[in-house]
Trainee: 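So that we are looking at the same thing, I have put the structure below in structure tokens.
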Number of protein chains: 2
Amino acid sequence: MKGHQVTIKDIAKILHISPSTVSRALKDHPDINPQTKKNVQELAKKLNYKPNQVALNLLQKESKIIGVIVPEFIHYFFSTVISGIEKIANESGYHIIIAQSNESYHKEVENIQALLSSNIDGFIITMAKTTLNFDHFKNVEEIGVPMVFVDRSCEEVNADEVLVDDFDGAYKATKHLIENGCKNIIHLAGPQNLEIGVKRKEGFLAALNESGIDVKDFSVQICDSHDHALRLMPELFSRHNNIDGIFAVNDLTAVGAMKAVKMINKKVPEDIAISGFTNSFISNITDPELTTIDQKGFEMGQHAARMLLKRIKSDENYGPVTTILNTELVVRKSSLRKK
Amino acid sequence: MKGHQVTIKDIAKILHISPSTVSRALKDHPDINPQTKKNVQELAKKLNYKPNQVALNLLQKESKIIGVIVPEFIHYFFSTVISGIEKIANESGYHIIIAQSNESYHKEVENIQALLSSNIDGFIITMAKTTLNFDHFKNVEEIGVPMVFVDRSCEEVNADEVLVDDFDGAYKATKHLIENGCKNIIHLAGPQNLEIGVKRKEGFLAALNESGIDVKDFSVQICDSHDHALRLMPELFSRHNNIDGIFAVNDLTAVGAMKAVKMINKKVPEDIAISGFTNSFISNITDPELTTIDQKGFEMGQHAARMLLKRIKSDENYGPVTTILNTELVVRKSSLRKK
DNA sequence: ACTCATTTCGCAAACGTTTGAAATAATGCT
DNA sequence: AGCATTATTTCAAACGTTTGCGAAATGAGT
């Protein structure tokens, strides 16, 4: 049922000239008679001619489309990353095609294959958690399509990366809790097979050590979801009633912990101060509002897009670049005690 | 710097046969000698041949890509819509290319133009709030590219639509508050130039009328953001201290109202019961958790994708279809009183 | 041996665009 | 008038794939 976008051939036929003349006239080629140029350009405007990107793509091997593969864009963090990518991409006339892996290795492979055959100009990828084999990325590398990894590093592949300084973020959050008088802080940590889980834990421990606070056997709890925190914390509080600070690996877990604190009738931040990590949307919603570490999703996206575009436009083959962005401590009420 | 995806020509050259034979061999055409078929298919697999979608697109005017234009995909609701679209699209071998309008008419027009020249197979669109001229949509209609509008209706254009029953949703939420003993409910309403603003207000009023509760001059307040609620409510409470229920046009506004209630030391839901609208992510986060109306974003996306695919595949030109999905009342603690 | 049918394959055009090279037309110069 | 320039336009190939049609080769039937 599709109609018909106006083509160069249409214009050529109407003006009784050849397609090549029309093509050149449209791009102001000096070889073309000014009068012909005028005719062509006017008619093109009148008919609302738009060059067919697909034909251009086939000819020039350039689609002006970049493929973005993320685990799940429902997560606020990934939405912000994608927003950042889209902004920069659009500024350079690129569009983005988005696919989710749902953290599944197989879906990730499928997506890569499908987008490759659509002549994508490049990829921006956050790997799925379950990805342990990297052949699909190596394949992309061989074909020569540029790639940038975001948030999760892939050391097996020679590609650009944009990461965030997890260690330092965790360090800053913990330090902040200490400065607000916390002496007995626990860390709700992410899974230790993921880099972010490890790095954030290490930042936490480093801050404790630096302040001479000794680490107890229960100082680090593996717990990285809202519900898990709701289950874990009451029991933890009953065993250790002098906990006065919580640093959670992400905002959602912090929210769960906050609810648990209220359940035992203690006050945030007076009795127990809390910090999350991400600075997601919900940190403004909680009561009290949540202190957290801004993970700079939007900036990460922007950076990734810039790196990719640079790579796409360059024909020199410089080595892979890794950018590490700084996090920022965002202080809100959940950690602020009058001193 | 791009390398080279394997093409039909490559295979043809290696086997010393013509591209057309390769093409036919790959699709099991009866004209081809079984032995040749076998050779071709084996080599194709070995070289990891994938048909070039761009060439197919140019030839068949089918890109297997659908364009999605939403105001801002950072919003949870739109993320869920997009997720629903992606799921159905992928199942049929389609991919989605996403653009945001940021609620700007001009960006919307730009996006439509750009995606049109990429030979998109169809559009799924949520209009920007600022869109008052519909020529860009009419242009799409003329060219014959199918379109489905989601959440916000566009009456000026003959296109399929997926909407949600805002009136009924608002009615159900209000009714629920009444059943929980609220006698003096106010509605924080959306802007009255938007259909959802009007419909939800009307649903609210209908429920009051049906229960014989009289509507006061302050029963409806135009207020549709978290911050606005935080500013408005304290003042409203000081003038009317017997308010015992709040129905907000969206979850975020409900959260603002909830905070305000706490500020005047009243309890949710005992003193004031609250319902939002959307069932966004945050409704599980608030304390107490927020009763709300599920707006079925994921289902809307799925429906929209199915309608679009049907339209794309059909060559019969049936009239525009409007699907109205039912909302669902999700009861949580913010409205539940022991009876 | 000749015709006819069958099997198997290649040619060429098409999708819309760009671009080097060739062709044509128009002008200037002697 | 003849030739060389210059200005303007067209041709043809290319990108990767599909597909109608024709061609070549084989085999069977007479």
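A note on names: the letters A, B, ... follow the listed sequences, proteins ahead of strands, and every chain is numbered from 1.
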Trainee: Is any side-chain heavy atom of I85(A) closer than 4.5 Å to one of I66(A)?
Mentor: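 Yes. Closest side-chain heavy atoms under 4.5 Å.
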
Trainee: Starting at the 5' end of DNA chain C, which residue's closest nucleotide do you reach first, L58(B) or I17(B)?
Mentor: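 Looking at the nearest nucleotide for each, I17(B) comes out on the 5' side.
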
Trainee: Could you list the residues that satisfy salt bridge (charged side-chain N to carboxylate O under 4.0 Å, His left out) with E110(B), not counting sequence neighbours?
Mentor: none

Trainee: May I ask you to say what I8(A) touches in the nucleic acid, namely base, sugar-phosphate or nothing, with a heavy-atom cut-off under 4.0 Å?
Mentor: sugar-phosphate

Trainee: Check this for me: does any side-chain nitrogen of one of E142(A) and K138(A) sit under 4.0 Å from a carboxylate oxygen of the other?
Mentor: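 Looking at E142(A) and K138(A), the cut-off is not met.
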
Trainee: Among residues at least two apart in sequence or on other chains, which ones pass salt bridge (charged side-chain N to carboxylate O under 4.0 Å, His left out) with K9(A)?
Mentor: none

Trainee: Who passes side chain to side chain donor-acceptor pair (under 3.5 Å) against Q100(B), sequence neighbours left out?
Mentor: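 Per chain and number, Q100(B) pairs via side chain to side chain donor-acceptor pair (under 3.5 Å) with S83(A), E86(A).
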
Trainee: Using a 4.0 Å cut-off to any heavy atom of chain B, which nucleotides of DNA chain D are the first and last in contact, reading 5' to 3'?
Mentor: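 On DNA chain D, the outermost contacted nucleotides are dC15(D) to dG20(D).
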
Trainee: Just jot down the salt bridge (charged side-chain N to carboxylate O under 4.0 Å, His left out) partners of D28(B), sequence neighbours excluded, or say none.
Mentor: K37(B)

Trainee: The helix from dA1(C)-dT30(D) to dT30(C)-dA1(D): angle between its terminal axes, five pairs each, to 10°?
Mentor: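 Roughly 80° between the end axes, to the nearest 10°.
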
Trainee: Enumerate the residue pairs fulfilling ring-ring contact (aromatic ring centres under 6.0 Å, His included) with a member in residues 44-95 of chain A, sequence neighbours excluded, ordered by first and then second residue.
Mentor: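 Checked against ring-ring contact (aromatic ring centres under 6.0 Å, His included) - neighbours excluded - the pairs reaching residues 44-95 of chain A are Y76(A)-F281(A).
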
Trainee: Sorted by first residue and then second, give each ring-ring contact (aromatic ring centres under 6.0 Å, His included) pair with at least one member in residues 99-129 of chain A; sequence neighbours left out.
Mentor: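 Qualifying pairs, neighbours excluded: Y105(A)-H136(A).
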
Trainee: With side-chain hydrogen bond (donor to acceptor under 3.5 Å, both in side chains) as the rule and sequence neighbours excluded, what pairs involving residues 147-156 of chain A come up?
Mentor: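 For residues 147-156 of chain A, and leaving out neighbouring residues, the side-chain hydrogen bond (donor to acceptor under 3.5 Å, both in side chains) pairs sorted by first residue read E103(A)-R152(A), D151(A)-Q295(A), S153(A)-E161(A).
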
Trainee: Using the test side chain to side chain donor-acceptor pair (under 3.5 Å), find all partners of T131(A) that sit at least two apart in sequence or belong to another chain.
Mentor: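 E108(A).
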
Trainee: Want to settle it: does T36(B) or N52(A) sit nearer the 5' end of DNA chain C, counting the closest nucleotide to each?
Mentor: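 Here T36(B) is the residue nearer the 5' end.
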
Trainee: Using a 4.0 Å heavy-atom cut-off, does L56(B) contact any base of the nucleic acid, only the sugar-phosphate backbone, or nothing at all?
Mentor: sugar-phosphate

Trainee: Find the distance Y49(A):OH to dT18(C):C1' and express it as a whole number of Å.
Mentor: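 Distance check: Y49(A) OH to dT18(C) C1' gives 10 Å.
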
Trainee: In residues 18-34 of chain A, which ones come under 4.0 Å of DNA chain C, going by heavy atoms?
Mentor: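 Nucleic-acid contacts, sorted: S20(A), S23(A), R24(A), K27(A).
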
Trainee: Expressed in angstrom and rounded to an integer, what is the separation of K13(B) atom NZ from dG10(C) atom P?
Mentor: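 Answer to the nearest Å: 14 Å.
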
Trainee: Could you pull out every donor-acceptor pair under 3.5 Å between side chains of residues 16-27 of chain B and any protein atom, sequence neighbours left out?
Mentor:
unit_1: S18(B); atom_1: OG; unit_2: S20(B); atom_2: N; d: 3.4
unit_1: S18(B); atom_1: OG; unit_2: S20(B); atom_2: OG; d: 3.0
unit_1: S18(B); atom_1: OG; unit_2: T21(B); atom_2: N; d: 3.3
unit_1: S18(B); atom_1: OG; unit_2: T21(B); atom_2: OG1; d: 3.1

